[in-house]
Amino acid sequence: MREGTSLANGQIDGPDHSFGDLNEGKAVPHGIYDLRHNKAYINIGNGSETAEFIIDSIIKWWDEYGKKHYPDAKKILILCDAGGANSYRHHIFKTEIIRLAQELGLQIVIKHYPSYASKWNPIEHRVFCHVHHAISGVFIRTFDEFRKLVNRAKTKTGLVVVATIIEKVYEIGKRADQEDWEGKIRFSDILPQWNYSASPVF
């Protein structure tokens with residue numbers, strides 16, 4: 001149960017402790033926020049956040065929504081935090097970015113926020129705070145219930161959230177080496193560790 005207030009017609013029964021091995025799974029949300037359309041897409045995975053899951057989430061967004069909204073796009077700008085599965089330090093994330101560029105046939109431009117600066121990422125204060133409010137005070141028993149709660153997030157300024165579930169189970173601990181992406185990633189002249197891009201090879 002999330003912290004918050006839940007209004008109900010009767011008593012809500014639930015365990016007073018949570019044990020991971022008794023859970024159906026672990027919901028892992030990955031959010032994509034389209035600034036122009038003020039629309040967020042939350043893909044919910046089961047298990048762990050991995051670089052492969054993040055890239056699959058972006059591919060799903062592009063196939064279902066992105067290419068319809070931006071049919072003439074030649075590149076995609078992605079704003080990322082500095083840590084987690086999309087860490088600028090991880091070879092596996094750069095390797096997956098190359099896969100993304102290849103599958104979409106577009107240049108992928110990555111801009112990482114510096115460490116401890118993720119609060120400046122628009123998705124944090126324009127989307128996730130409202131998703132948090134939508135799920136607060138609720139016992140979440142299933143993935144579908146979580147999806148429905150996330151779909152309820154909205155604002156008076158027109159934010160719309162679309163939540164879906166990705167059923168694939170991702171292997172944790174996958175690794176890559178610098179040789180897997182070297183020569184395929186182009187680094188910016190300004191703060192190159194946080195700013196780079198990958199282009200498709202035809």
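Just so we're clear, the structure is a prediction, and the values are computed from it rather than from any experiment.
- A donor-acceptor pair is defined here as one N or O able to donate and one able to accept, closer than 3.5 Å; such a pair exists between the side chain of K94 and the backbone of Y88.
- Counting heavy atoms from C-beta on, the side chains of V138 and E145 come closer than 4.5 Å.
- A donor-acceptor pair under 3.5 Å is formed between the side chain of N151 and the backbone N or O of A163.
- Contact of the R99 side chain with the I55 side chain is registered, since non-hydrogen atoms from C-beta on lie closer than 4.5 Å.
- With rounding to the nearest 0.5 angstrom, the NE2 atom of H133 is 8.5 Å from the CZ atom of R152.
- There is a side-chain donor-acceptor pair under 3.5 Å between Y170 and D56.
- For the pair V169 and N46, the minimum side-chain heavy-atom distance is 4.5 Å or more.
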Original post:
Checking side-chain contact (heavy atoms from CB on, under 4.5 Å) for the pair K111/L77: CA distance, chi angles, key distance, verdict?
Top reply: CA-CA 7 Å; K111 303 288 184 182; L77 170 64; 3.4 Å; yes
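- Hydrophobic clustering of Ile, Leu, Val, Met, Phe, Trp and Tyr side chains at less than 4.5 Å, counting indirect connections, keeps F128 apart from I32.
- Interatomic distance, OG of S188 versus OH of Y196, reported as 12.0 Å (0.5 Å rounding).
- Taking both residues in full, the closest heavy atoms of P114 and A82 are given as C-CB, 4.0 Å, listed atom of the first, atom of the second, then distance.
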Original post:
Could you go step by step and tell me if F93 and H91 meet the side-chain contact (heavy atoms from CB on, under 4.5 Å) rule?
Top reply: CA-CA 5 Å; F93 182 65; H91 298 313; over 6 Å; no
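- Separation of the H37 and Y70 ring centroids falls under the 6.0 Å cut-off.
- H30 places a side-chain heavy atom less than 4.5 Å from the side chain of I58.
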**OP:** Go through D144 and K148 one step at a time and tell me if the salt bridge (Lys or Arg N to Asp or Glu O under 4.0 Å) criterion holds.
**Re:** CA-CA 6 Å; D144 194 54; K148 290 177 181 177; 3.4 Å; yes
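- Atom CD1 of I97 and atom CD1 of I110 lie 3.5 Å apart (nearest 0.5 Å).
- The CD1 atom of I185 sits 11.0 Å away from atom CD of Q178, with the distance rounded to the nearest 0.5 Å.
- In the hydrophobic clustering of ILVMFWY residues, with side-chain heavy atoms under 4.5 Å counting as a link, Y65 and I54 come out together.
- Contact record, D81 with E124: OD2-OE2, 3.9 Å, taken as the closest heavy-atom pair.
- Side-chain contact between I76 and W62: present, with at least one pair of heavy atoms (C-beta onward) separated by less than 4.5 Å.
- Contact check for L159 versus R126: no side-chain heavy atoms found under the 4.5 Å cut-off.
- At least one donor-acceptor pair under 3.5 Å links the side chain of D34 to the backbone N or O of R36.
- Between the side chain of Q102 and the main chain of V201, a donor-acceptor pair closer than 3.5 Å is present.
- For residues 153-165, no pair satisfies salt bridge (charged side-chain N to carboxylate O under 4.0 Å, His left out), with sequence neighbours left out.
- Atom CD of residue E52 and atom OG of residue S57 lie 12.5 Å apart, to the nearest 0.5 angstrom.
- Formation of a donor-acceptor pair under 3.5 Å by the K74 side chain with backbone atoms of D72 is found in this model.
- Looking at N38, its side chain never comes within 3.5 Å of a backbone N or O of L35 through a donor-acceptor pair.
- Crowding of K168 atom NZ: a count of heavy atoms from other residues, nucleotides or ligands under 6.0 Å exceeding 12.
- Cluster membership for L149 and F143, using ILVMFWY side-chain heavy atoms within less than 4.5 angstrom, is shared.
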**OP:** Evaluate side-chain contact (heavy atoms from CB on, under 4.5 Å) for I78 paired with I108, printing each intermediate quantity in order.
**Re:** CA-CA 7 Å; I78 301 176; I108 306 300; 3.8 Å; yes
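- Side chain of N195 to backbone of I190: a donor-acceptor contact under 3.5 angstrom is found.
- Within a 6.0 Å radius of CD1 in I172, other residues, nucleotides and ligands contribute 12 heavy atoms or fewer.
- Side-chain contact check for T157 and T155: at least one donor-acceptor pair (N or O, by modelled atom type) lies under 3.5 Å.
- Of all heavy-atom pairs between H112 and S87, the closest is CE1-C, 4.1 Å.
- Nearest heavy atom pair, residue I44 against residue A27, reads CG2-CB, 4.0 Å.
- Residue F53 comes nearest to V28 through the heavy atom pair CZ-O, 3.5 Å, listed as atom of the first residue, atom of the second, then distance.
- Closest approach of S199 to Q107, counting heavy atoms only: OG-CG, 3.6 Å.
- Side-chain contact check for L104 versus P200: every heavy-atom pair is 4.5 Å or farther apart.
- R147 places a side-chain heavy atom less than 4.5 Å from the side chain of I165.
- Between the OH atom of Y41 and the CD1 atom of I123 there is a distance of 11.5 Å, given to the nearest 0.5 Å.
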Subject >> side chain to side chain donor-acceptor pair (under 3.5 Å) evaluation trace for T95 with D180 >> reply: CA-CA 6 Å; T95 302; D180 296 323; 4.7 Å; no
